[in-house]
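Note sheet for the following structure.
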Amino acid sequence: MKDFAALFAALDGTTRTNAKVAALAGYFETAPEADRLWTIALLSGRRPKRTVTATRLREWAAEAAGLPLWLFEESYAVVGDLAETIALVLPESDGGADRSLAAWIGDIRALSALEEPARRDWVVAAWESLATDERFVFNKLLTGGFRMGVSRKLMTRALAQATGIDEAELAHRLMGDWSPETTSYEALVLAPDPSADLSKPYPFALAYQLDGVPDDLGDPGGWAAEWKWDGIRGQLILRGGVHHLWSRGEELITDRFPEFLRARDFLPDGTVIDGEVLAMKGGAPLPFNALQKRIGRKTVPKKLLAEAPAAMLAYDLLEAGGEDLRDAPYRDRRARLEGLLAGLPPDAPVGLSEAVPFVTWTDLAALRATSRARLAEGLMLKRLGSPYRGGRRKGDWWKWKVDPFSIDAVMIYAQAGHGRRANLFTDFTFAVRDGENFVPFTKAYSGLTDAEFREITAWVRKNTLERYGPVRAVPPVHVFEIHFEGIQASPRHKSGVALRFPRMARWRRDKPVAEVDTLGHLRDMLATYG
Amino acid sequence: MGKGVLTFTDRGIYCPAGDFYIDPWRPVDRAVITHAHADHARPGHARYLATPGTAPVMRHRLGEIALETQAYGETRTIGDAHVSFHPAGHVPGSAQVRVEVGGEVWVVSGDYKTEADGLSEPFEPVRAHAFITECTFGLPVFRWRSEAALAAEINRWWASARADGRPAMLGAYALGKAQRLLTMLDGTIGPILTHGAIENTNAVLRASGLALPDTIRVTPETKAKDHSGALVLATPSALGSTWAGRFPRASKAFASGWMAVRGIRRRRAADKGFVISDHADWAGLNAAIAATGAERVFVTHGYTAQFRRWLEAEGYDAEIVETEFDGEALDSPAEDET
């Protein structure tokens, strides 16, 4: 694992993309094939199952380092990363013999068969046998959350460089339901058999947010618009007489949405559709919180199936009659999609996401303003002549979301962040006024610049009223404009509301606390949009 | 234990028996100064007392001040208090202050580092009844490597940047850290350029007899292409500013004890972070405290709550004292441009 630890250090030691890709490509050229495969898996979010809980790791590490547990916890709070904290507190070591990444992962996976004392002994012995820089990587393997500052896209680019295989083709090969236990480097990367994995999805095409108005996109005649629905982006695959549903996070969610079994009654084999999974009733979407109840559930009780039945509104057709259509222009794919779905009964689990006709950008802006009433998040703009290209790219697809909800609130609690934000106060709780009192109603932790976070951190350190564990109460002084995407009733919260995607839009230094919004204002929003 | 030899006031650490303050943060009549960093040596006091090694930088930074010096180990009597300076190993000239009143000894550490850096006078443990200590890095995750290992790591990075045809730019505080790095750098790799704030401090220290390698001051006329293979020593804030823009494609690194934490390292958006501090690490703090033989320990700045609790568990009578010292600034580098 020394070469893998060295790779990690190289990736961590530079912010330049080219240097990262070069380091990774070098590793892909020289590492054993089994290690390459695991590296691809780790960098595409396929982690080995956790076989040791974080709680036990903390206890064992504190003991091995000769520290009381509370001091280990305090250290963790500052470092913001468990794997790193453990590596930093353990006594120094030069390490022992080198073993491959795949061998270590094999041992970690085998831990699940051991009793706890044996697991402990194995982990502590492993720490002793590893050099300090290897320990960090080893702990990352144990704790699962593996991020190396390398996106999947960069990893794919590096692998393309190392193998000479086209990057888009590789991205497709690396999709789907595989793990290093079920495949080999040869079968996954070098010489895949397309019939071996019929469930394999295509890389999702993603869009950048359009800031401002679309006038710069040129002639509106070259563009199509669709509603941007507020559900789960999905890919429905019908191949070999079986159907598969993938989320955009590349999770296979077929079993969670049994409704799509019937898709086979309406659609021919060899079909792949890109669309939005929504809770729908009578042909119209239900609010997102109806779908939310379904998301976490692996099996769905009958009552919930009746309450929040799921269906897909189709955006795009990626495969028809077993033929990959991604290189065809959107205009043609869309026409074939409309033909495919025309005449399906209203209770079919797949329907067309209707195009939004418009002539001028001004027309479209007026339509966009009606998004919220239609339970859409805004519009998608797609260039009529564009192929379906995986990943997030500028130019062909744009999302043009509705303006978010906005409220002015005051910060009352602050908590330090993790990872890159270790030791910096970045997680804040905000309150609105209710008469003389302040009522907390949301947390937010994004939207400020690093400089602003540094400034707030210095202020929090000097103005802490009280500490509750890692949380600090601060005087209600600083006002922020909070943006969010939705509001719903929540009896669990003191304020009675819960927000979707709250974030800090601006630090309102110009606003005195007396002018923050009120609980009544939030309740009015809930009554109108909840 | 009776009345304290030192008390803690809103102006700073005060000695009633001698009517003087140590590193006060509000103007006072008489200030005893541990070292010249801006959070310890502040302007506005009527009289100053410091070591001969600290005096030149203080004069450089504070201008015309009434400053007396006193060498390490010499004792002076102020009122009923006997006051002496002892090396703190933090920066050249830095001192701990030993105060003895009626046979009771209290020591104020100022900022300190226990490992010798080849530049600052090495830290000297002083026996005391009570020890007032910083704990900037008072958590067990902070562990420094040897000076030699650090030097090798830095020179490797410099040589590799040179091999790539890029300047190497290293961010460090102008007083102490910068000069310590100068002594670690391998001048055979290439020329060493310095930011003006650092070069000003270099000049003062050279004039007071400190041997430093040759450096070239960066001026508005400086062109990167005239100094190929150079290492540029910059202040931390200059590292991310337009000033750094005159060295395009520079590989940037930052030298600080905070670089031990990966999250903080990544936040700096530098290519590399070297874990180098002028403060004691966890082991250093514990060893220093044990060596004083003190039963009472006051912790002033850093991870005070955690460190106090640790000391209590170790059997010390430990308290937290609120001060206005910054330690090694992480997010608001007070030491930057002075």
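All values below come from the heavy atoms of this structure, side chains included, with hydrogens, waters and symmetry mates left out. By convention in this document, chain letters (A, B, ...) are assigned in the order of the sequence lines, proteins followed by strands, and residues within each chain are numbered from 1.
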Item checked: A/Glu84 (side chain) donor-acceptor with B/Arg262 (main chain) under 3.5 angstrom -> yes

Check: With a 4.0 Å cut-off, would you call B/Asp271 and A/Arg16 a salt bridge?
Finding: no

Check: Shortest non-hydrogen contact from A/Ser75 to B/Leu139?
Finding: OG-CD2, 4.0 Å

Next item on the list: Taking atom OH of A/Tyr445 as the centre, report whether more than 12 heavy atoms of other residues, nucleotides or ligands fall under 6.0 Å from it.
Entry: no

Margin query: Given heavy-atom pairs under 4.5 angstrom as the criterion, report whether the side chain, backbone, both or neither of A/Ala87 touches chain B.
Written below: backbone

Note to self: Rounded at 0.5 Å granularity, tell me how far CD in B/Glu324 sits from NZ in A/Lys462.
What the structure shows: 7.5 Å

Checklist line | Residue A/Tyr76 versus chain B: region with a heavy atom under 4.5 Å | finding: neither

Next item on the list: To the nearest 0.5 Å, tell me how far B/Arg265 CZ sits from A/Asp12 CG.
Entry: 5.5 Å

Checklist line | A/Arg509 atom CZ, neighbour heavy-atom count above 12 within 6.0 Å | finding: yes

Item checked: Student check: side-chain heavy atoms of B/Trp310 and A/Glu74 closer than 4.5 Å -> no

Checklist line | Region of A/Glu455 in contact with chain B, defined by heavy-atom distances below 4.5 Å | finding: neither

Checklist line | Region of B/Trp282 that comes under 4.5 Å of a non-hydrogen atom in chain A | finding: side chain

Note to self: Using heavy-atom distances under 4.5 Å, tell me whether B/Ala260 contacts chain A through its side chain, its backbone, both, or neither.
What the structure shows: backbone

Next item on the list: Would you sort out whether A/Val89 and B/Arg143 count as a side chain to side chain contact (heavy atoms under 4.5 Å, CB included), showing the intermediate values?
Entry: CA-CA 8 Å; A/Val89 300; B/Arg143 175 164 52 205; over 6 Å; no

